[in-house]
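Below you'll find the structure, written out as structure tokens, and then a few comments.
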Amino acid sequence: MKSPLFSATALLLLVRSCLGATSFTYNRTSFLLDGSPHQIIGGQMDPQRIPYQLWSDRLYKARAMGLNTIFSYVFWDQIQPTADSWDMSGRNNITEYFRLAQEAGLNIVLRAGPYVCGEHEWGGFPAWLSEVDGMVVRSYNAPFLAASKAYIDHLASDLAPMMVTNGGPVIMVQIENEYGSYGSDHEYMGALRDMFKAAFGVTLYTNDGGYDVDLYGGAISGVLAETDGSPQSAFAARDTYVNDSSSLGPQLDGEYYTTWLDFWASNYTFETYDGFASSIATVQSDLSWVLNNGSSFSLYMFHGGTNFGFQNGADWGNYLEAVITSYDYGAPLDESGRPNEIYFAIRDTISSYLKNVSSNATIPAVPEIPTPIEIPAFNLSPQVALFDILPSGVFAQLPVNMEALNQSHGYTLYRHTVTSALNGTLQPGDYPRDRVLVYVNSKRVGVIDSTYWTPNTVTLSLKANDTLDLLIENMGRINYGHRIPDQKKGVVGNVTVGGSTLYGWSMYPLSMETIPTASSAANFTPSATSGPVVYKGTFDVQTVGDTFLELPGWTRGVVWVNGENLGRFWVVGPQQSFYLPGCYLKTTGNEIVVLELEPGSNATAVQGVSTRTWANNPDPDLL
Ligand SMILES: *[C@@H]1O[C@H](CO)[C@@H](O)[C@H](O)[C@H]1NC(C)=O
Ligand SMILES: *[C@@H]1O[C@H](CO)[C@@H](O)[C@H](O)[C@H]1NC(C)=O
Ligand SMILES: *[C@@H]1O[C@H](CO)[C@@H](O)[C@H](O)[C@H]1NC(C)=O
Ligand SMILES: *[C@@H]1O[C@H](CO)[C@@H](O)[C@H](O)[C@H]1NC(C)=O
Ligand SMILES: *[C@@H]1O[C@H](CO)[C@@H](O)[C@H](O)[C@H]1NC(C)=O
Ligand SMILES: *[C@@H]1O[C@H](CO)[C@@H](O)[C@H](O)[C@H]1NC(C)=O
Ligand SMILES: *[C@@H]1O[C@H](CO)[C@@H](O)[C@H](O)[C@H]1NC(C)=O
Ligand SMILES: *[C@@H]1O[C@H](CO)[C@@H](O)[C@H](O)[C@H]1NC(C)=O
Ligand SMILES: *[C@@H]1O[C@H](CO)[C@@H](O)[C@H](O)[C@H]1NC(C)=O
Ligand SMILES: *[C@@H]1O[C@H](CO)[C@@H](O)[C@H](O)[C@H]1NC(C)=O
Ligand SMILES: *[C@@H]1O[C@H](CO)[C@@H](O)[C@H](O)[C@H]1NC(C)=O
Ligand SMILES: *[C@@H]1O[C@H](CO)[C@@H](O)[C@H](O)[C@H]1NC(C)=O
């Protein structure tokens with residue numbers, strides 16, 4: 001056991017955090033908060049993945065685990081949904097989240113991007129970037145730097161009162177994200193450094209994997225270079241491979257992985273350390289090592305939250321690994337804000353460390369949390385077929401990608417009337433982007449899905465006047481890996497059948513930004529040729545509280561409750577229930593809408609359960 005490094009007075013800062021501090025700097029060995037040595041005991045928690053009504057609750061629980069700092073990504077696409085509009089309300093009210101963090105006694109490390117990865121849609125890039133002429137993301141490229149500057153300047157001016165230099169909680173800002181695992185364009189990183197310096201005026205740092213290539217590519221002269229992953233090897237790598245003294249300083253493990261994320265159709269069930277005593281012991285010994293080394297860490301994640309709406313990203317591994325709706329991550333505070341085994345274990349380690357360095361250090365008590373409620377199964381009624389409420393479309397001889405229709409998320413319907421008989425294999429553009437439901441004369445005849453290494457092929461036999469419909473879903477733009485530059489969705493290239501190009505397309509953007517609804521109250525009974533169907537229902541609860549919403553017998557789609565898009569479901573799993581926070585419920589007259597893309601006779605009831613289960617099922621489209 002190494003002896004404690006810091007004096008009790010310095011540790012008061014560590015324990016109490018920086019209310020009122022106005023400077024955060026560093027020398028070669030220490031972070032310095034108002035000139036006194038400071039260790040960052042941090043954890044990642046992104047405001048845009050948490051209902052804003054719950055921000056205070058989650059922040060308080062971070063303090064109650066012993067953290068003094070929250071690391072937060074900001075997702076650019078949510079804040080600038082179109083090139084000429086900004087939205088800083090609701091979950092995008094980052095200033096308010098930071099203000100609440102300070103109120104809870106927490107500092108903030110801002111991870112502003114412009115690229116953040118974060119298992120978020122396109123790593124945070126707005127989809128409209130795809131349509132800007134000459135755009136090359138993550139590079140020294142004039143259109144990209146101009147778009148990035150507009151975003152960074154907007155964010156920085158909004159957050160100015162939150163900077164430590166103005167008495168706010170933001171002590172440090174990260175530039176880009178693990179850039180060295182993607183590229184090595186130092187001109188690009190240098191341009192971001194200058195942009196961030198001018199915009200934020202606080203200490204900056206980069207965060208890269210603890211390997212030579214990552215550090216050579218990602219570190220920038222004049223900016224503190226930090227690492228992530230296993231702290232012992234990452235810290236050593238930083239000091240081996242970064243030899244520009246202007247990038248050296250105290251060590252921070254910017255992402256110590258508490259567990260891991262989950263993908264749809266992954267064959268793995270839910271990632272968690274609950275019940276894995278030796279994994280938990282390893283986390284405790286790593287964190288204890290970092291603390292006793294006088295260094296800093298951030299847990300990735302402390303609390304993951306939810307990919308509400310269509311926020312999830314995807315990885316690429318020769319097939320699309322789309323991130324599930326839940327971003328629970330097996331993190332210490334679960335998706336519903338409940339502490340699990342690893343929360344208490346980490347709390348013990350931090351608490352023990354703080355006691356060792358300051359005999360009367362305490363951390364707040366963990367609050368009691370009510371058990372989730374149950375909602376008995378109730379039936380929904382079919383309201384309308386999605387294809388009967390199409391918005392006005394765009395007609396063109398050749399299909400265009402989703403973004404060219406001014407659409408970022410959801411589904412696009414491509415409709416073609418066959419001019420002369422045609423047989424052969426359907427090719428929906430250069431490759432399926434991402435999941436293509438194929439209909440001939442309203443009957444579903446196949447699914448081509450990039451989730452699979454070898455997507456199904458669909459062979460068609462078309463006659464003149466047949467209607468060919470391709471309903472194409474954006475399952476989440478890639479956030480990690482070398483496919484990042486091209487993240488257009490829908491059809492890119494031409495649609496061919498048996499090698500013949502099809503001309504004449506009506507295209508209907510179905511972004512689902514407004515909840516699909518029937519225009520009349522007429523009764524509707526789905527048939528085999530209805531296509532996707534919108535179902536509705538209402539329900540009451542005795543006591544408002546969190547629940548996990550299950551949809552047994554349903555296949556794939558989206559769920560809204562009281563106007564909130566809770567995200568995608570898919571029977572294949574591993575996710576089999578939605579986190580439905582109590583703050584979205586009222587006692588009577590709750591409204592639920594389900595878009596079922598592949599309606600079957602069993603899609604009737606939903607229910608709320610108090611304990612969620614995770615499971616993998618075979619894909620009914622492959623049976
Ligand atoms: C950094 O600052 C701390 C606190 O003032 C001091 O103890 C330490 O020696 C300094 N380290 C260096 C390398 O100057
Ligand atoms: C952010 O939240 C604060 C506090 O509720 C509110 O006053 C402010 O108007 C919000 N900002 C936006 C842009 O909605
Ligand atoms: C650091 O040293 C290595 C090995 O000598 C060298 O290859 C590399 O270019 C140096 N990097 C910098 C940033 O000076
Ligand atoms: C899941 O398992 C099935 C059956 O073993 C296999 O065909 C498929 O490739 C696996 N998927 C992934 C993502 O590993
Ligand atoms: C922290 O660990 C490094 C090895 O990564 C070691 O060189 C250094 O002396 C340690 N510092 C303290 C204060 O234990
Ligand atoms: C605190 O000190 C005790 C006694 O020396 C030691 O066993 C324990 O590991 C220390 N805790 C941490 C987190 O370093
Ligand atoms: C314990 O707390 C008191 C009151 O806050 C403070 O004066 C004292 O220095 C603390 N002792 C230690 C060892 O931190
Ligand atoms: C997309 O928006 C741009 C700018 O508002 C407009 O000029 C263009 O016509 C729109 N395209 C479509 C297909 O709606
Ligand atoms: C397509 O296939 C069907 C049946 O397989 C056949 O009757 C028809 O003649 C074919 N049409 C063309 C254009 O090849
Ligand atoms: C296709 O529809 C047009 C217009 O309704 C009609 O004139 C034509 O005879 C139809 N062709 C076939 C092969 O059914
Ligand atoms: C699509 O078809 C058009 C018209 O035949 C052709 O000019 C174009 O090169 C094709 N695009 C691709 C990507 O093959
Ligand atoms: C409906 O559920 C029953 C019972 O689980 C199952 O046997 C049946 O195959 C399902 N039907 C469809 C169409 O999925």
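Indexing begins at 1, ligand by ligand and atom by atom, following the structure's order. The chain is numbered in sequence order, starting from 1.
N68 contributes no side-chain N or O that, together with a main-chain N or O of L106, makes up a donor-acceptor pair within less than 3.5 Å. Distance alone, capped at 3.5 Å, places no donor-acceptor pair between the H120 side chain and the G313 backbone. No side-chain donor-acceptor contact under 3.5 Å links N312 to the backbone of N307.
The number of heavy atoms from other shown groups lying within 6.0 Å of CD (E591) does not exceed 12. Atom CD of E513 sits in a sparse spot, with 12 or fewer heavy atoms from other residues, nucleotides or ligands closer than 6.0 Å. Annotation for Y60: atom OH counts as buried by contact number, over 12 foreign heavy atoms lying within 6.0 Å.
Between S30 and ligand 1, a contact under 3.5 Å exists for no N or O pair. For a threshold of 3.5 Å applied to N or O pairs, the pair formed by N27 and ligand 1 contains at least one separation below that value.
Closer than 4.0 angstrom to ligand 10 lie heavy atoms from A464, N465.
For ligand 2, the atoms sitting less than 4.0 Å from at least one non-hydrogen atom of N93 are 1 (C), 2 (O), 3 (C), 8 (C), 10 (C), 11 (N), 12 (C), 14 (O), numbered in the order shown with element in parentheses.
Comment: E255 engages R111 in a salt bridge, judged by a side-chain N to carboxylate O separation of less than 4.0 angstrom.
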